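Just so you know, these numbers come straight off a predicted model, no measurement behind them. Here is the naming used below: chain letters follow the sequence lines, and residue numbers restart at 1 for every chain.
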Amino acid sequence: MAKLVLKNLYKRYPNKRNKEQNDFAVRNFSLECDDGEFVGILGPSGCGKTTTLRMIAGLEEITAGDIFICDARVNDLHPKDRRIGLAFEDYALYPPLNVYDNIAFNLRAKGVSETNIRAEIMRIAPLLKIDDLLGNRPVSLSGGQKQRVNIARAIIRKPQLLLLDEPLSHLDGKMRQVLRTEIKRLHKEINCTTIIVTHDQLEAMSLADRIAIMQDGQLQQYGTPLEVYNNPVNEFVAGFIGEPPMNILTVIITESEGRFFFTFQDNDFRIAVPEDYYPVVRSGMTVRLGIRPTDLLISPQEKGSAAVRVAVFENLGEECRVSIKAGEEFLTLTTTDEIRYRPGDIIRLEVKAGRTYLFDPVSGDRIWGESR
Amino acid sequence: MARIELTHISKRFRKVIALRDINFQVEDMEFFVLFGPAGAGKTTILKIIAGIEFPDEGLIKINDEVVNLVEPAQRNVSMVFENYALYPHFTVYDNIASPMRSPRHKTDEATIRKEVRRVAEMLKIEHLLDRMPAQISNGQKQRVAIGRCLVRNPSVFLMDEPLAHLDAKLRHFMRAEMKGLQADFNTTTIYVTHDYMEALSLGDRIAVINKGEIEQIGSANEVYYTPANQFVARLFGEPEINIFGVDLIEKENRLKLKIPGYEHLFDLEPDVERMLLKYNVRELNLGIRGTCISYAFAKEDDDFIPGTVYSLEPIGNMSILIVDINGEYIRIVAPNDLDVELDSDIFVKFDLKKALFFDRASETFIARHNRVHYVSEAA
């Protein structure tokens, strides 16, 4: 158990083509994880999340910045002295050894007595539901079982910090769903500060107490799953978090009779600007408007916005999706009522109160309303 | 325009059976989806229709004519692959025009221009015609690849996971786009995917393929609401449907449902009871989706089954609440702001009107309440 602090972390790789130039994989990255917290580092491939994890583990040299575990600076500490448990996407189990010996391997290397090893394995195995598999060779295990063994091996030494790098990426949908839940349970049982690196927003959201979202080596936002979902700080976070993804479209602010409207590209369709934004908008301004598909409602006739035509209707079981065309793009909403629409049907749209997001079209930063 | 029929198609690759007795008929202008997990045999079926793979047994008919021995080029089918396979050194225009310039289909340039314009307009890529493939986005590349297939006015349009390469955001967009275009395609389309949302959204009918065999053919409503077996039920919907064993108890001449480890006997809907009696099933599995289960923190009545909170996973617009009921982990869709302690007590109630009943041994579908409603709505 330990508190982890990353302070202004940088990682620079020399640019192979241009020796004068440097490429930063991680830039000015700071993060605090409380004792026992489960933190997700989330971002698209190449955003620097694995590099960050490797710096924490001591597998990658730090260009600048500091890492503290339990208030002790560990920059110069050898990986094996950091008391870190690591599990990568690749299970890398020793094929000739059975599950028991795979888990015991590192403890034996450290000279722990066989009685203690047995006691530890018997404590860990039920937590990961591998007690029946201890005599099996890796080749006979499923992907999910191999990853369980891999995680068991990482936690057997009672690390003060557990680092998981894309532990579920290799698994198929069903197994992933089950092991996701098991990892969450395991964290509760062993209560060890845990960092998970993933590109899957669903995984980060469902597992972590707090999520650090990265793009281009930089931290974009750090918050609880509900915070980053409800209050993304910029267009990147807004578009990355949430399934189905948020509608984000370019609109122009127009004014009519003292009221402001978001006017869409094809002009015959507009949505009232919530009054909260009146101090920050002006007529003629271009903004990026974000609305989650679940926050867009089909309102009873005569209420809501101007009438629009359904472009696409999709029946996905209990959930249906209705899309309307706004210029070249779609504005999509989800419904669970039983009404079926056809292309060409006229509907009126309404946005749930307080669920409209505005972003600067150049910087992508959130434009906040008055009430913030 | 074409009707396609496959009868008793089987195919082996050395010792591995890729397809076993595949039978289906695709109507003229139908959008027919082949859906299933990786390795199920979907693409092999597509290749057999295209003529680039030969079945060991069985007949392929296009418009009632057996085409087993007809060359691919003569079948008037057109295929779009997952990787768009555009010519990198050709402009978008020349890429779309390329099939009409092939020696076999040589067309005069005026007709080519007209055709390219027609499909470019339909696919909304007119402004890209002078660009090179490297200068357009993945979504646009996919549209160009589709355009290249449409210029020939093929009578059959075969698509192999055309959206699988795109990122999640673009995939949603292109799926809606594809759905919007469907009406304009004017061809019979067979579409392969492993994404259940694509299957439900696009297919007039969906064939669910598993290990080289067809599990079910039906409309989106049929496969979703009346899946032929547990395998099909599990493929559609997120979170995955809960399926677990239940007992049937006879009491006062009525069949009652009993959840293992819980005393209360639940009433069955009369139509469900009739089907269970008809098939005389006693070993039963109950299938119930996470959206059809409610929960409470105090016992409201006997319908509420006690359990403990095993996990809570917020995923944006909702949370998945996982409840442990006597060792069975039940996934429930809950609001995203729900806050509960793990291992705390909870009570859940199944909406049995929406439950599916399966035979435990064969895992096949037996009944659901108001079954006719879902099947007739499909028709």
Side-chain angles (χ1 to χ4, degrees), chain A residues 44 172-174 177-178 180-185 187-189 200-208 224-226 228-230 239-248 292-295 310-325 328-332 334 336 338 340 343, chain B residues 37-38 124 127 167-173 175-183 194 196-202 219-221 223-225 234-240 289-292 310-320 322 324 329 331 333 336-337 339 341-343 354 377-378:
Chain A
D172 65 33
K174 158 101 176 146
Q177 188 176 296
V178 172
R180 199 171 74 196
T181 305
E182 295 304 333
I183 289 176
K184 184 142 188 165
R185 285 298 301 188
H187 175 255
K188 183 185 176 344
E189 303 291 343
D200 181 348
Q201 56 102 18
L202 206 77
E203 217 167 282
M205 296 275 277
S206 58
L207 285 172
T224 66
L226 212 53
V228 296
Y229 180 79
N230 282 333
F240 200 72
I241 298 282
E243 156 67 39
M246 185 189 275
N247 297 292
I248 305 177
R292 293 206 181 276
T294 39
D295 294 333
V310 171
V312 176
F313 177 77
E314 299 176 272
N315 175 5
L316 304 176
E318 281 152 45
E319 182 194 299
C320 296
R321 299 214 177 140
V322 180
S323 300
I324 62 157
K325 255 301 167 37
E328 281 291 281
E329 296 179 271
F330 284 115
L331 193 60
T332 301
T334 59
T336 48
E338 293 219 336
R340 301 282 182 260
Chain B
K124 307 228 164 33
H127 57 296
D167 68 45
K169 205 170 171 165
L170 195 56
R171 205 159 56 229
H172 280 284
F173 177 79
R175 196 183 68 219
E177 191 92 318
M178 189 82 78
K179 176 98 184 166
L181 285 173
Q182 253 178 46
H194 70 278
Y196 84 88
M197 286 200 266
E198 276 176 37
L200 291 177
S201 164
L202 296 173
S219 68
N221 275 340
V223 295
Y224 187 85
Y225 290 108
R234 286 202 166 103
L235 283 184
F236 294 96
E238 175 70 39
E240 195 179 281
R289 297 195 188 271
T291 45
C292 309
Y310 188 70
S311 182
L312 177 69
E313 303 174 359
I315 54 167
N317 63 342
M318 58 169 142
S319 292
I320 311 294
I322 300 158
D324 178 352
Y329 300 117
R331 288 167 188 270
V333 172
N336 61 4
D337 55 357
D339 192 14
E341 283 288 310
L342 300 195
D343 293 328
K354 292 180 176 162
E377 196 183 358

Top residue by heavy-atom pair count (under 4.5 Å) with chain A, among [options]?
| options | result |
| --- | --- |
| B:Ala220, B:Ala176, B:Cys292 | B:Ala176 |
| B:Leu312, B:Ile320, B:Asn317, B:Ile322 | B:Asn317 |
| B:Lys124, B:Arg175, B:Arg289 | B:Arg175 |
| B:Leu202, B:Leu200, B:Val223 | B:Leu200 |

Does any part of the side chain of [Y], heavy atoms only, come nearer than 4.5 Å to the side chain of [X], both counted from C-beta?
| X | Y | value |
| --- | --- | --- |
| B:Arg331 | A:Thr181 | yes |
| A:Glu243 | B:His172 | yes |
| A:Leu226 | B:Asp337 | yes |

Query raised in the report: Tell me, side chain or backbone of B:Glu177 under 4.5 Å from chain A's heavy atoms, or both, or neither?
Result: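 Contact with chain A: backbone and side chain both.
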Query raised in the report: Side chain, backbone, both or neither: which part of B:Phe173 has a non-hydrogen atom closer than 4.5 Å to chain A?
Result: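 Contact with chain A is through both the backbone and side chain of B:Phe173.
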Given a strict heavy-atom distance threshold of 4.5 Å, which part of [X] is in contact with chain B: side chain, backbone, both, or neither?
| X | answer |
| --- | --- |
| A:Lys174 | both |
| A:Pro244 | both |
| A:Glu319 | neither |
| A:Phe313 | backbone |
| A:Ile248 | side chain |

Sidechain N-carboxylate O distance under 4.0 Å for [X], [Y]:
| X | Y | value |
| --- | --- | --- |
| A:Arg180 | B:Glu313 | yes |
| A:Arg185 | B:Asp343 | yes |
| A:Glu314 | B:Lys179 | no |
| A:Glu318 | B:Lys354 | no |

**Report entry** Distance-minimising heavy-atom pair for B:Ile315 and A:Ser206
**Finding:**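 Looks like CG2-CB, 4.0 Å.
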**Report entry** CG on A:Leu207 to OG on B:Ser311, rounded to 0.5 Å
**Finding:**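 These two atoms lie 8.0 Å from each other.
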Query raised in the report: Once you round to the nearest 0.5 Å, how far does OH of B:Tyr224 lie from CG of A:Asn315?
Result: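 The CG atom of A:Asn315 is 9.5 Å from OH of B:Tyr224, to the nearest 0.5 Å.
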Requested in this report: Decide side chain to side chain donor-acceptor pair (under 3.5 Å) for A:Glu182 and B:Tyr310; before the verdict, give the C-alpha distance in whole Å, the side-chain angles of both, and the deciding distance to 0.1 Å.
Outcome: CA-CA 9 Å; A:Glu182 295 304 333; B:Tyr310 188 70; 3.1 Å; yes
Query raised in the report: Does NE2 belonging to B:His194 count more than 12 external heavy atoms closer than 6.0 Å?
Result: no
